[in-house]
There are 2 protein chains.
Amino acid sequence: MTVAQDVPSAPTGDPAGAGTDGASTRERILDIALELFSSQGYDKTSLREIADRLGFTKAAIYYHFASKADILMALHLRLHEFGREALDAMGDDASPASWARLLDRLIDQMLQQRALFIFHERNRAAIEELHRSEHDAGHEDIQDRLRKVLSDGSVPAETRVHMACAIGAVVGALEFSGDVFGSIPDDQLGDILRGVVASLLTESSGG
Amino acid sequence: MTVAQDVPSAPTGDPAGAGTDGASTRERILDIALELFSSQGYDKTSLREIADRLGFTKAAIYYHFASKADILMALHLRLHEFGREALDAMGDDASPASWARLLDRLIDQMLQQRALFIFHERNRAAIEELHRSEHDAGHEDIQDRLRKVLSDGSVPAETRVHMACAIGAVVGALEFSGDVFGSIPDDQLGDILRGVVASLLTESSGG
DNA sequence: GTCTATATTTCGATAGAC
DNA sequence: GTCTATCGAAATATAGAC
């Protein structure tokens, strides 16, 4: 599969592919796909459905993407960009301090890009299948890197579990943020989550 | 769809359908499905694949289940049984104390039935699609009930977020428990998780 | 309870016109 | 860049023999 297709994103010469709509067709496809993949799942969403929403036919999508999986990968890479940045703020060490630094960044990004994170959670099977079927040369997955850090045997078991719980807590809360926590402002939600992370990664916690 | 098919689970008269193998064919189908749905996802797993593993053909499955979705529903109900029990230990009130009681039960059940929980997490889109397409008369979903409790406006926002984080922490840790935390005994893991839950649901936490 | 064989449908993907 | 038309593959599901 060709992830980055040699597609003329701006054949008319406009900078970011801003076409008739302000967003390139490619981006509009991704936006609709994100919405449908999140609500129905990747497999239950057909290319015809995506095309219908955009007002053209299935075949047109193939001008912008080499395959359906290519759309999935593009969305995955969108998320990956945010994750990579947060990961780079952390070293490779497994200290609670650096983990807290990672989550601090992640909380803000999740709240700003929550649709992307929720999509990612609801389609884990499809995305991991993607990683299996391709030889992701040089594409180190976020999940793998997190696992690597959490596997560090030199860190006490309790600490590592606390680290896993911290990220689980943030992700878990995010899933309710749309509807159940809809009335809580993002700022406040972020503050609460940072507090949770801090309490989980502090020596005295957990008994 | 007929969720509970009128199938002769024990046509030869044996109590729990124990056939040639000690488990009824229906249960064996569910076990293989659980394994494949978890590793590959529901959509990427074909009935042929399940049948092959069991040594017979696809058509035989239709004797035991009315449809592929019926298998998914049966597995969902397996989990639902455990969740229901834990939920009943909690009232309908949204106090942190009752929430802690819920999670206490849930931790043990998750550790014992972790395959079932992981399956559920990796196939959320498919399962929710199931809920949409059927008129689940009387089938109140666990997720819905949790949302209802977390929506209780009479409870402070911070407390509700902490409750969401607590369940997220437990579920999040569970996902690493297979490989990354494989060397940690279940007893110890359970204790750590109970500690995490307690710290999250205590007044002083979170700053 | 399991088999063979087949019906039916849906979808991803391609070719080529415009 | 989008269209029409179509191919081919795969999967669910059914019918009926044994």
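Just so you know, these numbers come straight off a predicted model, no measurement behind them. Throughout, protein chains are lettered first and strands after them, A, B, ... in sequence-line order, and every chain is numbered starting at 1.
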Ordered by number, residues from residues 34-50 of chain B within less than 4.0 Å of DNA chain D (heavy atoms) are B/Thr45, B/Ser46, B/Leu47
OP1 or OP2 of [N] under 4.0 Å from side-chain N/O of [X]:
X	N	value
A/Thr25	D/dT2	yes
B/Tyr62	D/dA13	yes
A/Thr57	D/dT2	no

Considering only heavy side-chain atoms of B/Ala60, the closest of C/dC3, D/dT4, C/dG12 is C/dC3
Of the listed C/dA13, C/dT4, C/dT2, the closest approach to the B/Ala59 side chain comes from C/dT4
- prompt: For A/Glu81, does the CD atom sit with more than 12 other heavy atoms under 6.0 Å from it, leaving out its own atoms?
  reply: no
Sub-4.5 Å side-chain heavy-atom contact between B/Leu146 and B/Trp99:
yes
Is the shortest heavy-atom distance from the side chain of B/Phe37 to the side chain of B/Ile50 under 4.5 Å?
yes
Please report, rounded to the nearest Å, how far the [atom2] atom of [N] is from the [atom1] atom of [X].
X	N	atom1	atom2	result
A/His64	C/dA13	NE2	C1'	16 Å
A/Phe65	C/dT14	CZ	C1'	18 Å
B/Lys58	D/dA15	NZ	C1'	14 Å
B/Tyr63	C/dG1	OH	P	5 Å
A/Asp52	D/dT2	CG	C1'	14 Å
B/Ile29	C/dT2	CD1	C1'	11 Å
B/Lys68	D/dA11	NZ	C1'	8 Å
A/Phe56	D/dC3	CZ	P	7 Å

Side-chain H-bond candidate by donor/acceptor type, A/Glu49 with A/Gln40, under 3.5 Å | yes
Between B/Arg147 and A/Val180, is there a donor-acceptor pair closer than 3.5 Å when you use the side chain of the first and the backbone of the second?
no
Report yes or no: is the cationic atom of B/Lys68 (NZ for Lys, CZ for Arg) closer than 6.0 Å to the six-membered ring centre of B/Tyr42, at no more than 45° off its axis? yes
Next on the checklist: In terms of relative ring orientation, are A/His120 and A/His76 parallel, tilted or perpendicular, with 30° and 60° separating the classes?
Outcome noted: parallel
